[in-house]
2 protein chains.
Amino acid sequence: MDRPGTWQAVRAEALRRMRAGDWPPGGRIPDEAELAAEFGCARATVNRALRDLAEAGLLERRRKGGTRVPVTPIRKATFEIAIIRQDVEGRGQRHGYRLLEDALGPPPPEVLAALDWPEGAGMRHLTALHLADDRPFCLEHRWLDATVAPAEVSFDTISANEWLVRNIPYSGGNIAFLARPADGPAARALDCAPGDALLAVERTTFRDGAAITFVRLTYAPGHRVDATL
Amino acid sequence: MDRPGTWQAVRAEALRRMRAGDWPPGGRIPDEAELAAEFGCARATVNRALRDLAEAGLLERRRKGGTRVPVTPIRKATFEIAIIRQDVEGRGQRHGYRLLEDALGPPPPEVLAALDWPEGAGMRHLTALHLADDRPFCLEHRWLDATVAPAEVSFDTISANEWLVRNIPYSGGNIAFLARPADGPAARALDCAPGDALLAVERTTFRDGAAITFVRLTYAPGHRVDATL
DNA sequence: AAGTGGTCTAGACCACAAA
DNA sequence: TTGTGGTCTAGACCACTTG
């Protein structure tokens with residue numbers, strides 16, 4: 001338990017009341033000032049607790065409208081996106097890396113659409129395999145703005161995944177999960193049968209409003225991505 | 001832009017400094033009191049800004065250790081988990097629902113392992129299909145503690161997905177993404193070929209430390225789950 | 001032992017949206 | 001118009017953890 005008077009304690013009590021039915025779905029809960037008086041703490045403490053619950057999707061808050069328990073809450077789940085080496089090492093396995101291809105060339109149409117680049121000017125295409133304890137872990141397929149990583153930068157020993165995180169400090173982007181059948185090259189690289197169902201993650205990274213890289217990570221069969229609810 | 005003196009403005013400036021290289025990866029940034037003096041705001045405002053960045057994985061903070069820019073940040077991505085009806089309607093489509101099966105019976109071993117139930121006492125097994133504009137959207141396969149939803153509760157017109165969210169106020173759990181080949185029944189229900197690569201989401205929900213339901217949602221081919229980075 | 005972030009307080013003003 | 005959450009302030013004490 002949390003010591004009383006802390007925002008964690010207020011949050012815990014709010015959760016308890018929702019579970020117990022004291023604050024039923026669709027209903028409005030007392031305002032911050034009332035709760036602060038009841039709990040004997042400052043309004044800022046109540047605010048911190050309720051804001052936390054609202055960020056998780058368990059409460060809906062509006063100025064003047066008050067705070068309500070949603071009828072059908074839209075919960076937020078979060079998952080951690082580490083670089084692949086850390087992901088592998090975090091599982092207690094040894095990370096290996098092999099660069100399979102490094103060439104200049106235009107991406108396929110569906111990738112070009114995601115990037116919104118002018119005719120694919122100066123695009124570097126990388127294919128690499130990540131290993132966990134010498135077994136295939138993940139196939140990295142990446143298109144990269146050549147001005148971001150010029151030809152001098154070699155991805156023989158460090159993956160583009162890691163190089164980018166270390167050298168392009170912060171950047172926004174989007175990310176999506178999907179399932180793909182293994183094509184021929186993927187099946188060979190990941191040591192599975194063509195057509196096998198594989199989990200893939202696609203990410204586009206932007207800097208200053210322009211896309212600088214698109215990557216598709218295709219994981220070996222059986223891979224799961226866990227998130228905390 | 002944010003008005004100066006707000007925590008959003010402080011966050012924006014911190015991000016700018018990281019991108020610009022003023023605060024390089026691996027380095028330590030000034031402490032809260034210094035930044036508050038520099039920005040002409042209260043320390044609590046700086047704290048709010050830096051805490052927000054730390055929660056996103058862009059900073060690492062430790063008492064006495066100060067605040068550092070991580071060399072290989074572990075970014076947090078969040079995605080929203082709505083009920084399936086809302087998910088479909090949010091895409092501008094009409095949601096449909098068909099209960100395919102409702103029976104009592106023990107779950108397969110791999111599900112039983114996830115649930116940690118004693119011999120599957122009183123388990124209800126539901127299979128349902130969700131439609132978007134009359135086309136297959138998602139196959140819901142659920143095992144449910146029969147004491148949570150007794151036989152009186154009918155899932156003919158409301159999905160277990162929605163019933164649970166409405167009637168079991170708050171509950172913790174875990175969630176995972178994976179890829180699965182379509183088996184025979186799934187291929188028939190989702191109108192695809194057996195063996196097609198399908199995205200699936202598995203969730204176990206707990207209440208008071210005991211699992212109350214396990215669900216596997218298998219989506220129609222081509223489905224993507226987007227998250228915000 | 002001491003430095004730094006974590007949090008609480010009491011008060012204030014503001015922004016937004018509902019009535 | 002007015003109620004409610006959003007945020008800022010100045011100060012204080014505490015908890016952790018590093019040197």
Side-chain angles (χ1 to χ4, degrees), chain A residues 1-15 17-18 22-71 73-74 76, chain B residues 1-15 17-18 22-71 73-74 76:
Chain A
M1 281 301 170
D2 303 300
R3 290 210 329 281
T6 66
W7 70 269
Q8 292 95 334
V10 174
R11 181 182 58 182
E13 174 60 13
L15 277 173
R17 292 185 183 187
M18 286 192 276
D22 300 336
W23 291 350
R28 182 166 163 180
I29 76 173
D31 64 38
E32 293 186 348
E34 285 180 58
L35 291 172
E38 181 192 341
F39 294 138
C41 66
R43 182 166 80 91
T45 304
V46 174
N47 180 277
R48 173 80 192 270
L50 299 189
R51 177 163 40 86
D52 190 77
L53 291 172
E55 280 171 4
L58 290 166
L59 287 176
E60 285 174 356
R61 320 195 73 202
R62 293 163 121 173
R63 286 163 152 131
K64 168 73 176 175
T67 300
R68 293 181 166 279
V69 181
V71 177
I74 298 180
K76 273 76 177 177
Chain B
M1 280 299 169
D2 302 301
R3 291 210 326 282
T6 65
W7 70 269
Q8 292 95 334
V10 174
R11 181 182 60 184
E13 173 60 14
L15 276 173
R17 292 185 182 186
M18 286 192 275
D22 300 335
W23 291 351
R28 182 168 163 178
I29 75 173
D31 64 37
E32 294 186 348
E34 286 180 59
L35 291 172
E38 180 191 343
F39 294 138
C41 66
R43 182 167 80 92
T45 304
V46 174
N47 180 277
R48 174 78 191 271
L50 300 188
R51 176 162 42 85
D52 190 77
L53 291 171
E55 280 170 6
L58 290 166
L59 286 176
E60 284 174 358
R61 321 195 72 201
R62 291 164 118 169
R63 284 160 153 136
K64 166 75 176 177
T67 300
R68 294 179 166 279
V69 182
V71 178
I74 298 180
K76 271 76 175 177

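Order of the sequence lines fixes the chain letters, A, B, ..., with proteins taken first and strands second; residue numbering starts at 1 for each chain.
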Fill in: Closest non-hydrogen atom pair between A9(A) and R3(A), with its separation
CB-O, 3.4 Å
Fill in: Nucleic acid contacts of residues 23-33 of chain B, taken as heavy-atom distances under 4.0 Å to DNA chain D
none
Discussion item. Holding to salt bridge (Lys or Arg N to Asp or Glu O under 4.0 Å), I want the full list of residues that pass it with E55(B), two or more places apart in sequence or in another chain.
Written reply: none
Fill in: Atom-pair distance (CG on D2(A); P on dT7(C)), nearest Å
11 Å
Practice prompt. Strictly below 4.0 Å, heavy-atom distances to any atom of DNA chain D: list the hits from residues 49-69 of chain B, or just say none.
Written response: R62(B), R63(B), K64(B)
Worksheet item: Where is the tightest heavy-atom contact between T45(A) and G5(A), given as atom of each residue plus distance?
Response: CG2-O, 3.7 Å
Worksheet item: Base, sugar-phosphate, or nothing: which does R43(A) touch, judged by heavy atoms less than 4.0 Å apart?
Response: base
Practice prompt. Grab the two heavy atoms, one from V10(A) and one from C41(A), that are nearest each other, plus how far apart they are.
Written response: CG2-SG, 4.3 Å
Worksheet item: Among L53(B), L50(B), V46(B), T6(B), whose side-chain contact (heavy atoms from CB on, under 4.5 Å) with R11(B) holds?
Response: L53(B)
Worksheet item: Do I29(A) and M18(A) touch side chain to side chain, with heavy atoms closer than 4.5 Å?
Response: no
Practice prompt. Rounded off to whole Å, could you give me the CZ-to-C1' distance for the F39(B) and dC8(D) pair?
Written response: 16 Å
Fill in: End-to-end axis angle, where each axis spans five pairs of the helix from dA1(C)-dT18(D) to dA18(C)-dT1(D), to 10°
20°
Worksheet entry | Separation of dC14(D) C1' from R3(A) CZ (nearest whole Å) | 8 Å
Please tabulate, for the side chains in residues 62-70 of chain A, all donor-acceptor contacts under 3.5 angstrom to protein atoms that are two or more places apart in sequence or on a different chain.
| residue | atom | partner | partner atom | Å |
| --- | --- | --- | --- | --- |
| T67(A) | OG1 | R61(A) | NE | 3.1 |
| T67(A) | OG1 | R61(A) | NH2 | 3.4 |
| R68(A) | NH1 | G26(A) | O | 3.0 |

Practice prompt. Could you pull out the closest heavy-atom pair between W7(B) and A49(B), with the gap in Å?
Written response: O-CB, 3.3 Å
Item to complete: Identify whether any heavy atom of Q8(B) sits under 4.0 Å from a base atom; if not, whether one sits that close to sugar-phosphate; answer base, sugar-phosphate or nothing.
Response: sugar-phosphate
Discussion item. Please report the distance, rounded to the nearest Å, between CG in L35(B) and P in dG5(C).
Written reply: 8 Å
Item to complete: Taking all non-hydrogen atoms of both residues into account, name the closest pair between V71(B) and P73(B) and its distance.
Response: O-CD, 3.4 Å
Item to complete: Report yes if a side-chain nitrogen or oxygen of N47(B) is closer than 4.0 Å to either non-bridging phosphate oxygen (OP1 or OP2) of dG6(C); otherwise report no.
Response: yes
Discussion item. R17(A): which residues meet the salt bridge (Lys or Arg N to Asp or Glu O under 4.0 Å) condition with it, sequence neighbours left out?
Written reply: E13(A), E38(A)
Worksheet item: If every non-hydrogen atom of D2(A) is compared with every non-hydrogen atom of A12(A), which pair is closest and at what distance?
Response: OD2-CB, 4.5 Å
Discussion item. Just N and O in the side chain of T45(B): are any of them under 4.0 Å from OP1 or OP2 of dT9(D)?
Written reply: yes
